[in-house]
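The structure appears right after this line, and notes come after that.
None of the values given here were measured: they were computed from a predicted structure.
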Amino acid sequence: MEGMARSSDKNITRVLFCGPHFPASHNYTKEYLQNYPSIQVDVIPISDAPDVIANYHLCVVKTMRLDSNVISRANQMKLIMQFGVGLEGVDINAATRCGIKVARIPGDVTGNAASCAELTIYLMLGLLRKQNEMRMAIEQKKLGVPTGETLLGKTVFILGFGNIGVELAKRLRPFGVKIIATKRSWASHSQVSCQSSGWHCKQVISIFNEKGFSSGEYCSRRSFRL
């Protein structure tokens with residue numbers, strides 16, 4: 001356990017990071033705040049959070065699920081946020097009832113969406129080029145195997161055309177692929193995202209309908225072919 005808030009501390013803003021995962025999050029935060037003695041940053045095991053959360057003003061949940069039971073104990077809490085995009089780990093309704101604000105980190109302006117898009121392409125290339133087999137071939141000093149495939153000419157279906165999907169589509173275009181994207185509902189955001197990226201977007205009849213999916217909630221009757 002890296003530090004613990006003391007009930008006797010006064011005039012200190014106490015920040016709680018739940019769990020040891022994604023260490024860069026609390027390491028960078030501590031480094032940035034090292035010249036601010038009025039802010040204390042602690043990192044604790046997830047299992048300890050319910051017992052100490054009452055001592056903190058701001059909580060970064062990471063991979064922990066912050067449910068109504070834990071939130072009800074946070075009687076000094078002013079703000080809850082999740083490291084990374086999304087708030088699936090936070091009971092927002094419970095926080096609202098307790099008067100605690102919940103912050104969302106956007107993916108488009110923080111570099112998160114671009115990073116995820118790059119990682120996706122890396123994984124796609126690794127799959128097509130049979131990365132694991134290639135590594136074994138190198139270790140065995142074999143040449144010409146395995147025979148991989150190219151992205152060129154492939155059709156890529158993006159299920160969920162949000163910030164990450166938009167960034168992925170932008171980076172896939174130079175590979176010579178055909179891109180089909182769908183999402184639960186098409187709002188003006190998608191049109192603006194496409195136009196601002198210099199794309200010509202055209203609505204077409206989606207080939208992905210309820211018959212092709214087990215759950216209709218993940219499918220829109222319309223899609224964009226980019």
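Both Tyr36 and Val41 sit in one connected hydrophobic cluster of ILVMFWY residues. Membership requires side-chain heavy atoms under 4.5 Å apart, directly or through other members. Using a 4.5 Å cut-off between side-chain heavy atoms of Ile, Leu, Val, Met, Phe, Trp and Tyr, with links allowed through other members, Met134 and Leu125 fall into different hydrophobic clusters. Transitive grouping of hydrophobic side chains (ILVMFWY, heavy atoms separated by less than 4.5 Å) keeps Tyr122 and Met124 in distinct clusters. Both Ile105 and Val60 belong to a common hydrophobic cluster when Ile, Leu, Val, Met, Phe, Trp and Tyr are linked at side-chain heavy-atom distances under 4.5 angstrom. Put simply, Ile179 and Leu128 are part of the same group of oily side chains (I, L, V, M, F, W, Y) that touch within less than 4.5 Å, one to the next.
Panel note: side chain Asp48, backbone Asp51; no donor-acceptor pair is recorded below 3.5 Å. The backbone N or O of Thr150 lies less than 3.5 Å from a partner atom in the side chain of Lys154, making a donor-acceptor pair. Proximity of a side-chain donor or acceptor of Gln76 to a complementary backbone N or O of His57 within less than 3.5 Å is not detected.
Counting all heavy atoms, side chain and backbone alike, Phe22 lies closest to Ser25 at O-OG, 2.6 Å. Annotation for Met64 and Pro50: closest pair CE-CD, 4.4 Å, computed over non-hydrogen atoms. Between Pro174 and Lys170, the shortest heavy-atom distance links the atoms CD-O, 3.7 Å. Heavy atoms only, all atoms of each residue included: Ala95 and Val102 are closest at CB-CG2, 3.6 Å. Taking all atoms of both residues into account, the shortest heavy-atom contact from Pro106 to Thr110 is O-OG1, 2.7 Å. Closest approach of Lys62 and Gly19 over heavy atoms only: NZ-O, 3.0 Å.
Applying the salt bridge (Lys or Arg N to Asp or Glu O under 4.0 Å) test to every pair with at least one member in residues 123-137, sequence neighbours left out, gives these pairs: Arg135-Glu139.
Rounding to the nearest 0.5 angstrom, the gap separating the CD1 atom in Ile138 from the CE atom in Met136 is 11.0 Å. Summarising the geometry, atom OG1 belonging to Thr96 is positioned 8.5 Å from atom CD1 belonging to Ile71; distances are rounded to the nearest 0.5 Å. Rounding to the nearest 0.5 angstrom, the gap separating the CG atom in Asn112 from the CG atom in Asn163 is 9.0 Å. The CZ atom of Phe17 lies 10.0 Å from the CG atom of Asp42; values are rounded to the nearest 0.5 Å. Note that NE2 of His26 is 12.0 Å distant from SG of Cys18, once rounded to the nearest 0.5 Å. For the atom pair CD1 (Ile39) and OH (Tyr32), the distance works out to 9.0 Å, reported to the nearest 0.5 Å.
Of the candidates Leu79, Leu16, Ile100, Leu58 forms a side chain to side chain contact (heavy atoms under 4.5 Å, CB included) with just one, namely Leu79.
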Q) Given Glu167 and Cys116, is the side-chain contact (heavy atoms from CB on, under 4.5 Å) satisfied, shown in steps? A) CA-CA 9 Å; Glu167 293 297 326; Cys116 290; over 6 Å; no

Tell me which donor-acceptor pairs under 3.5 Å the side chains of residues 81-94 have, and how far apart each pair is, sequence neighbours excluded?
unit_1: Gln82; atom_1: OE1; unit_2: Gly89; atom_2: N; d: 3.2
unit_1: Gln82; atom_1: NE2; unit_2: Gly86; atom_2: O; d: 3.2
unit_1: Gln82; atom_1: NE2; unit_2: Glu88; atom_2: OE2; d: 3.2
unit_1: Asp91; atom_1: OD1; unit_2: Asn93; atom_2: N; d: 3.3
unit_1: Asp91; atom_1: OD1; unit_2: Ala94; atom_2: N; d: 3.0

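With contacts defined as side-chain heavy-atom distances shorter than 4.5 Å, the pair Thr182/Leu159 qualifies. Residues Cys98 and Met77 fail the side-chain proximity criterion, which asks for heavy atoms closer than 4.5 Å. Side-chain contact between Val156 and Phe175 is absent, with no heavy atoms from C-beta onward closer than 4.5 Å. You'll find the side chain of Leu66 reaches within 4.5 Å of the side chain of Ile53, heavy atoms only.
Other residues sharing a hydrophobic cluster with Ile164 under the 4.5 Å side-chain heavy-atom criterion for ILVMFWY residues do not exist; the residue is a singleton.
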